[in-house]
Novice: 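Starting off with a structure, shown below.
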Amino acid sequence: MVAGSRPDVAAVERRLIAALLVGGAVAVSLGVYGRLHDPTHHALFTLFFTATLNLKAWFATVVVALALVQILTALRMYGKINVPRVAPPWLGDVHRLSGTLAFMFSLPVAYHCLWSLGFESHADQTRRFVHSILGCFFYGAFAAKMVVVRARNLPGWVLPTVGGVVFSALVGIWLTSSLWFFRTVGFPKI
Amino acid sequence: MLKRVVNALELVALLAAATFVVLLFAYRPTAKPAAPAAAAANPLVVGEQVFAANCSTCHGAHGEGAVGPRLSGGAVVRRYPNPADQIAVVEYTRTGLNRG
């Protein structure tokens, strides 16, 4: 791009399409795996929790908490909130750290969902069906965000939008799993 | 310093994601070792082992219910007083769930 000129529209479109394709491929791949794979119905490790499901409910809650840190740090970096008044130099690193930890905490949860329980394809099982769709969508959106983060010269609205989509999907996942677990099975139910 | 930690952690996360994908295809649950003779003679012990390995994921560690319905507290006996019906439901669920 020549300094002072408008960004190459075609290049921007190519990067956006690449992000969408990567995200779509990840989401569809997980969905296909979950649909075709025979669920093992086996428990995984439980650490100090009573059962794998308890571990999953709490890990997912930790993921949401870390995602909230991501949202707050992003809002501060974009100047949408002014607390703290002077943005500390490590804010960006904390943003990345919380996102990386959230992703790592999500992996064993997703693994058990896909490997042990599979994709719920019966729409009459509303909660599980929505949860399955959102789970695949979340990782697709996350992959798209990773592409967008590393792409240059994209319009300013793209990254916050994709980040917001990732967060919304995550909240939906939490509502259809952890919140349901805490309300149905019990709280805190370690 | 923090940046280095985050960079290293991102690398670990990438490896974890790769491991996640490999395990989805490669990991198969291993058969439980045969129960000791004394335990095998006690159907309650064997049943507990079978439940922990195959049922607790959905029904909770103590049958309190989770993804699957509650089994403890007499819920099963109230709904299926005939033991033959209980066996039929377990068989149906076991094969039906794996149909996808």
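All values below come from the heavy atoms of this structure, side chains included, with hydrogens, waters and symmetry mates left out. Lettering follows sequence order; numbering is per chain, from 1.
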Novice: Could you check if a side-chain atom of A:V94 sits within less than 4.5 angstrom of a side-chain atom of B:L2, using non-hydrogen atoms only?
Specialist: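 In short, these two side chains touch, coming nearer than 4.5 Å.
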Novice: Going by residue number, which parts of residues 7-14 of chain B are within reach of chain A, meaning a heavy-atom gap below 4.5 Å?
Specialist: B:N7, B:L9, B:E10, B:V12, B:A13
Novice: Taking atom CG of A:L53 and atom NE2 of B:H59, what is their separation to the nearest 0.5 Å?
Specialist: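 That separation rounds to 10.5 Å.
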Novice: Quick one: do A:L20 and A:L159 end up in the same hydrophobic cluster if we chain Ile, Leu, Val, Met, Phe, Trp and Tyr together by side-chain heavy atoms under 4.5 Å apart?
Specialist: no
Novice: Quick check for you: among A:L107, A:V185, A:L30, which has the greatest number of heavy-atom pairs under 4.5 Å with chain B?
Specialist: A:L107
Novice: When hydrophobic residues are tied together by side-chain contacts of less than 4.5 Å, even through go-betweens, does A:L170 share a cluster with A:F137?
Specialist: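 No; tracing contacts between hydrophobic side chains, which count when under 4.5 Å, never links both residues.
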Novice: When rounded to the nearest 0.5 angstrom, what distance separates NE2 in A:H41 from OG in B:S56?
Specialist: 12.5 Å
Novice: Membership question, hydrophobic clusters at under 4.5 Å side-chain separation (ILVMFWY): are A:V28 and A:I133 in the same one?
Specialist: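 Each belongs to a different hydrophobic cluster.
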Novice: With a 3.5 Å distance limit and no angle check, can you tell me whether A:W115 reaches the backbone of B:F25 through a side-chain donor-acceptor pair?
Specialist: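 Flag not set: sc A:W115 to bb B:F25 has no pair under 3.5 Å.
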Novice: Do A:L21 and A:L16 sit in the same hydrophobic cluster, where Ile, Leu, Val, Met, Phe, Trp and Tyr count as joined when their side-chain heavy atoms come under 4.5 Å apart?
Specialist: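 Different clusters: A:L21 never reaches A:L16 through Ile, Leu, Val, Met, Phe, Trp or Tyr contacts under 4.5 Å.
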Novice: Tell me the side chain to side chain donor-acceptor pair (under 3.5 Å) pairs involving residues 72-82 of chain A, sequence neighbours left out?
Specialist: A:T73-A:H95
Novice: Drop me the distance from A:M104's CE to B:F20's CZ, to the nearest 0.5 angstrom.
Specialist: 13.5 Å
Novice: Would a distance-only check, ignoring hydrogens and angles, find a side-chain to backbone donor-acceptor pair under 3.5 Å from A:Y33 to B:L24?
Specialist: yes
Novice: Using the side chain to side chain donor-acceptor pair (under 3.5 Å) rule, collect all pairs that involve residues 157-174 of chain A, keeping only residues at least two apart or in two chains.
Specialist: A:T61-A:W174
Novice: Give a yes or no on this: more than 12 heavy atoms of other residues, nucleotides or ligands lie within 6.0 Å of atom CD of B:E48.
Specialist: no
Novice: Kindly state each residue pair satisfying side chain to side chain donor-acceptor pair (under 3.5 Å) with at least one member in residues 44-58 of chain A, sequence neighbours excluded.
Specialist: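 Those involving residues 44-58 of chain A are A:K56-A:H112.
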Novice: Report which part of A:L36 has an atom under 4.5 Å of a heavy atom belonging to chain B: side chain, backbone, both, or neither.
Specialist: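 Looking at A:L36, nothing touches chain B.
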Novice: Which atoms of A:A110 are under 4.5 Å from chain B, going by heavy atoms: the side chain, the backbone, both sets, or neither?
Specialist: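 Its backbone and side chain both get close to chain B.
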Novice: Applying the 4.5 Å side-chain criterion to the ILVMFWY set and letting contacts propagate, would B:V5 and A:L101 be lumped into a single cluster?
Specialist: no
